[in-house]
Amino acid sequence: MAVQINPSILSADFARLADEARAVEGADWLHVDVMDNHFVPNLTLGVPVVESLARATDTPLDCHLMIEAPDRWAPQYVEAGASSVTFHVEAAAAPVRLAREIRAKGARSSMALKPATPIEPYEDLLPELDMLLIMTVEPGFGGQSFLDIMLPKIRRTRELISKHGLELWLQVDGGVSASTIERCADAGADVFVAGSAVYGASDPAEAVRALRTQAEGASAKASWACDH
Ligand code: DX5
Ligand code: ZN
């Protein structure tokens with residue numbers, strides 16, 4: 001699978017979201033962080049903003065729900081126009097049912113793991129998902145330092161994906177930048193969320209291109225990519 005770069009609008013100017021979305025044209029997806037001040041200690045945006053953003057850009061929306069009760073709320077984000085919806089397994093009451101519901105509504109279904117949540121208990125769920133998100137910071141804020149201790153989990157997840165022959169995308173989110181993206185790609189990630197590394201750059205579109213070049217170079221050399 002080709003490398004994908006998903007700028008996170010958490011680091012964009014929320015008063016100019018349509019312009020900020022256009023500033024990263026060429027990105028594969030726009031990563032939209034939904035936070036409810038309960039699951040994480042921060043509050044961002046909800047369904048009405050996602051609806052407006054979906055109308056304002058042709059780039060598909062990758063909604064990362066850092067909220068409690070995703071079983072109740074996630075389907076509304078598909079209706080609002082998200083093409084991919086990620087719920088946190090730590091918050092979901094019935095992750096299999098929720099993953100199926102997101103797919104049935106027409107979006108890609110994705111599940112996220114906080115840093116302290118292991119992948120192994122969820123091996124049998126992987127076929128229900130289109131993407132797995134491994135958080136490489138504690139969720140809640142942009143601009144945090146990448147957690148190197150997550151690299152073994154990325155590697156183990158890539159091995160599980162290969163073992164089961166799945167078409168599952170493996171996303172990393174948190175502290176992904178020019179200095180960390182190659183390590184993520186080498187470990188097995190193929191979808192890269194970057195907030196501050198894109199919107200903190202003087203030319204966000206160029207930052208996306210540069211991150212893509214780095215990730216492609218590292219994936220081409222990665223041992224896991226030779227399996228395909
Ligand atoms: C953090 C969010 C991330 C955030 C990443 O909880 O899920 O998507 O925007 O920001 P950076 O890339 O700056 O770490
Ligand atoms: Zn995110």
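On a predicted model such as this, the values are computed, not experimentally measured, just so you know. All residue numbers refer to positions in the sequence shown, counting from 1. Remember, it's 1-based here, ligands and their atoms both numbered in the order they're listed.
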Touching ligand 1 at all, Ala194? Heavy atoms, strictly under 4.0 Å?
yes
What is the nearest protein non-hydrogen atom to atom 9 (O) of ligand 1, stated with its residue, atom name and distance?
Ser8 OG, 2.7 Å
Could you go through Leu53 and Ile9, starting from their C-alpha distance and side-chain angles, then the distance that decides it, and tell me whether this counts as side chain to side chain contact (heavy atoms under 4.5 Å, CB included)?
CA-CA 11 Å; Leu53 202 50; Ile9 56 158; 3.6 Å; yes
What pair of heavy atoms forms the shortest contact from Pro115 to Leu147, and how long is it?
CG-CD1, 3.9 Å
Under 4.0 Å to a heavy atom of Pro139 - the qualifying atoms of ligand 1, by number:
6 (O)
For Asp33, what is the atom name of its N, O or S atom nearest to the Zn ion (ligand 2)?
OD1
Give the residue and atom name of whichever protein heavy atom lies nearest to atom 7 (O) of ligand 1, and the separation in Å to one decimal.
Asp173 OD2, 2.8 Å
Between Asp62, Thr59, Asp28, Asp173, which is the residue that forms a side chain to side chain donor-acceptor pair (under 3.5 Å) with Asn6?
Asp62
Could you walk me through whether Glu25 and Arg22 pass the salt bridge (Lys or Arg N to Asp or Glu O under 4.0 Å) check?
CA-CA 5 Å; Glu25 265 167 17; Arg22 272 179 230 118; 5.1 Å; no
Enumerate the atoms of ligand 1 whose separation from the nearest heavy atom of Gly143 is less than 4.0 angstrom.
10 (O), 11 (P), 13 (O), 14 (O)
For atom 13 (O) of ligand 1, what is the nearest protein heavy atom, given as residue, atom name and distance?
Ser196 OG, 2.5 Å
For Pro139 versus Met66, what's the shortest heavy-atom pair and its separation?
CB-SD, 3.6 Å
Restricting to non-hydrogen atoms, name the atom on Glu68 and the atom on Ala91 that form the minimum distance, rounded to 0.1 Å.
CA-CB, 4.4 Å
Is Arg108 positioned over the aromatic face of Trp169, cation under 6.0 angstrom from the ring centre and no more than 45 degrees off axis?
yes
Would you mind listing which atoms of ligand 1 come within a distance below 4.0 Å of any non-hydrogen atom of Gly142?
10 (O), 13 (O)
Atom name in His64, limited to N/O/S, at shortest distance from the Zn ion (ligand 2):
ND1
For Asp173, what is the atom name of its N, O or S atom nearest to the Zn ion (ligand 2)?
OD2
Per-atom contacts, ligand 1 versus Met66 - under 4.0 Å to a heavy atom
6 (O), 7 (O)
Closest approach of any protein heavy atom to atom 6 (O) of ligand 1, naming residue and atom:
Gly140 N, 2.7 Å
Atoms of ligand 1 under 4.0 Å from any heavy atom of His31, numbered from 1 in the order shown, are 8 (O)
Minimum-distance protein heavy atom relative to atom 14 (O) of ligand 1:
Gly175 N, 2.8 Å
Taking atom types as modelled, is there a side-chain donor on Ser8 or Asp33 under 3.5 Å from an acceptor on the other?
yes
Considering only the protein, which heavy-atom contact is closest to atom 1 (C) of ligand 1, and what is its distance?
Phe141 O, 3.5 Å
Numbered atoms and elements of ligand 1 in range of Val193, under 4.0 angstrom, heavy atoms
8 (O)
Pair Phe192, Leu211 - check side chain to side chain contact (heavy atoms under 4.5 Å, CB included), show working.
CA-CA 9 Å; Phe192 305 87; Leu211 288 170; over 6 Å; no
Only heavy atoms of Gly174, strictly under 4.0 Å: list the atoms of ligand 1 that pass.
14 (O)
Nearest to atom 12 (O) of ligand 1, what protein heavy atom do you find, and at what distance?
Gly195 N, 2.8 Å
Taking only heavy atoms of His64, which atoms of ligand 1 are found under 4.0 Å from at least one of them?
7 (O)
Can you see which heavy atom on Thr44 is nearest to which on Met35, and at what distance?
OG1-N, 2.8 Å
Minimum heavy-atom distance Phe87-Pro70, with the two atoms named
CB-CB, 3.8 Å
So which heavy atom on Ala74 is nearest to which on Leu98, and how close?
CB-CD1, 3.9 Å
